[in-house]
Amino acid sequence: MTAPRHERAAFWQRAAAVRDEWLGHGTACGPTGEAVAEQAITELYRRIGRSRPEFVWVRSPLEAQPLVGHLPTLQDLHTWVTRPPSGRRPPLASDLATSLARMRGAMDDRIDTPLFDPKPPKRDKDRPWPELSAEAAVAYGIPFVDIVRRHVRDTLYTSLAQGFYLPGKRLLGIPGPVCWYGQQEAHWIAYYEVWRRLGLAAYGSALDAELDGWQAIARSAGWFWPDERRCVVSARPVAGTTFADGWSITSPATTG
């Protein structure tokens, strides 16, 4: 194994450890860190020019529904972008989504090809890289950026989004009010944390603080629905995908 290839393999092992750590956060059950989550969410509000909301904690996303039915859907937010009403302030969810998109875009701009990457193998224009395990992709020479995207972000998305919050949203009814998924935001959080922790990207103090805040939420809370004066936050499951009030995304009563 050449030195660059050996270095790529070592970096991948570290990246996989970060991924597995955040899979643990994304699937964690048990007590919720209410004080930590409230402080981090309050900081999200501050960044978009809002004051600390009243926090209402619920046992599950199902229990939250009577409290959040008035909040905008994704289609509502799309309308604000494409045909914003004149003289009206966007809903908080729109400003928060914009803030998050800007943060992620700014971090993307700071991620580049690592120095240890070799010249990638030739491929036809617009042809995707072959579907390989991470270890095989490292050996094949697929760019490290693509390996991390596929085997950290996309892999966690499959587990946490397709395996948890998307089925949960379908059970609750679509379209539903916009929310963020707390611990299940781990799929993108882990992706950016890999680059930071491995020393392959420097985001700067402001972006670091924002990422730290989202990490604090993911470690301490479930889904949350932010409104102008109130934020409804769900506790994490107590076991698997079952919550303290008995609601579950996999129970016979809610599937089929």
Do the side chain of Arg196 and the main chain of Tyr203 share a donor and acceptor less than 3.5 angstrom apart?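 Not a single qualifying donor-acceptor pair exists.
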
Check whether Arg230 reaches the backbone of Leu67 with its side chain - one donor and one acceptor, N or O, closer than 3.5 Å. yes

Would a distance-only check, ignoring hydrogens and angles, find a side-chain to backbone donor-acceptor pair under 3.5 Å from Asp109 to Ala106? no

Is a donor on one side and an acceptor on the other found under 3.5 Å between the side chain of Gln65 and the backbone of Pro61? yes

Check whether more than 12 heavy atoms from other residues, nucleotides or ligands sit under 6.0 Å from atom CD1 of Ile174, and answer yes or no. yes

Is a side-chain N or O of Thr79 found less than 3.5 angstrom from the main chain of Gln75, in a donor-acceptor match? yes

Verdict with supporting geometry, Met103 and Arg47, side-chain contact (heavy atoms from CB on, under 4.5 Å): CA-CA 11 Å; Met103 181 194 83; Arg47 287 196 179 98; over 6 Å; no

Can Glu54 and Arg229 be counted as an ion pair, charged N to O under 4.0 angstrom?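 No salt bridge links Glu54 with Arg229.
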
Does a sphere of radius 6.0 Å around CZ in Arg123 hold more than 12 heavy atoms from other residues, nucleotides or ligands, not counting ones at 6.0 Å or beyond? yes

Under 4.0 Å between a side-chain nitrogen and a carboxylate oxygen: does that hold for Arg149 and Asp154?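 Salt bridge: no.
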
Just by distance, do the side chain of Asp117 and the backbone of Pro143 share a donor-acceptor pair under 3.5 Å? no

Closer than 3.5 angstrom, by distance alone: can the side chain of His187 be matched with the main-chain N or O of Ser159 as a donor-acceptor pair?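 No: the side chain of His187 does not pair with the backbone of Ser159.
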
List the atom of Glu193, the atom of Leu211, and the distance in Å for their closest heavy-atom pair. OE1-CD2, 4.1 Å

Do Arg102 and Glu210 meet the salt-bridge criterion of a basic N to acidic O distance under 4.0 Å? no

Where the side chain of Glu185 meets the backbone of Tyr181, is there a donor-acceptor pair that is under 3.5 Å apart? yes

Can a donor-acceptor pair be found, under 3.5 Å and without considering hydrogens, that links the side chain of Thr42 to the backbone of Glu38?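 Judged by distance alone, yes, a pair lies under 3.5 Å.
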
Taking Trp223 as the fixed residue, which of Val58, Val233, Leu172 is the one that meets the side chain to side chain contact (heavy atoms under 4.5 Å, CB included) rule?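 Among Val58, Val233, Leu172, the one that satisfies the side chain to side chain contact (heavy atoms under 4.5 Å, CB included) with Trp223 is Leu172.
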
In a check of side chain to side chain contact (heavy atoms under 4.5 Å, CB included) between Thr241 and each of Tyr165, Phe164, Trp247, which one passes? Phe164

Any side-chain to backbone donor/acceptor pair from Arg236 onto Pro31? Under 3.5 Å, distance only.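 Here the side-chain-to-backbone pair exists.
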
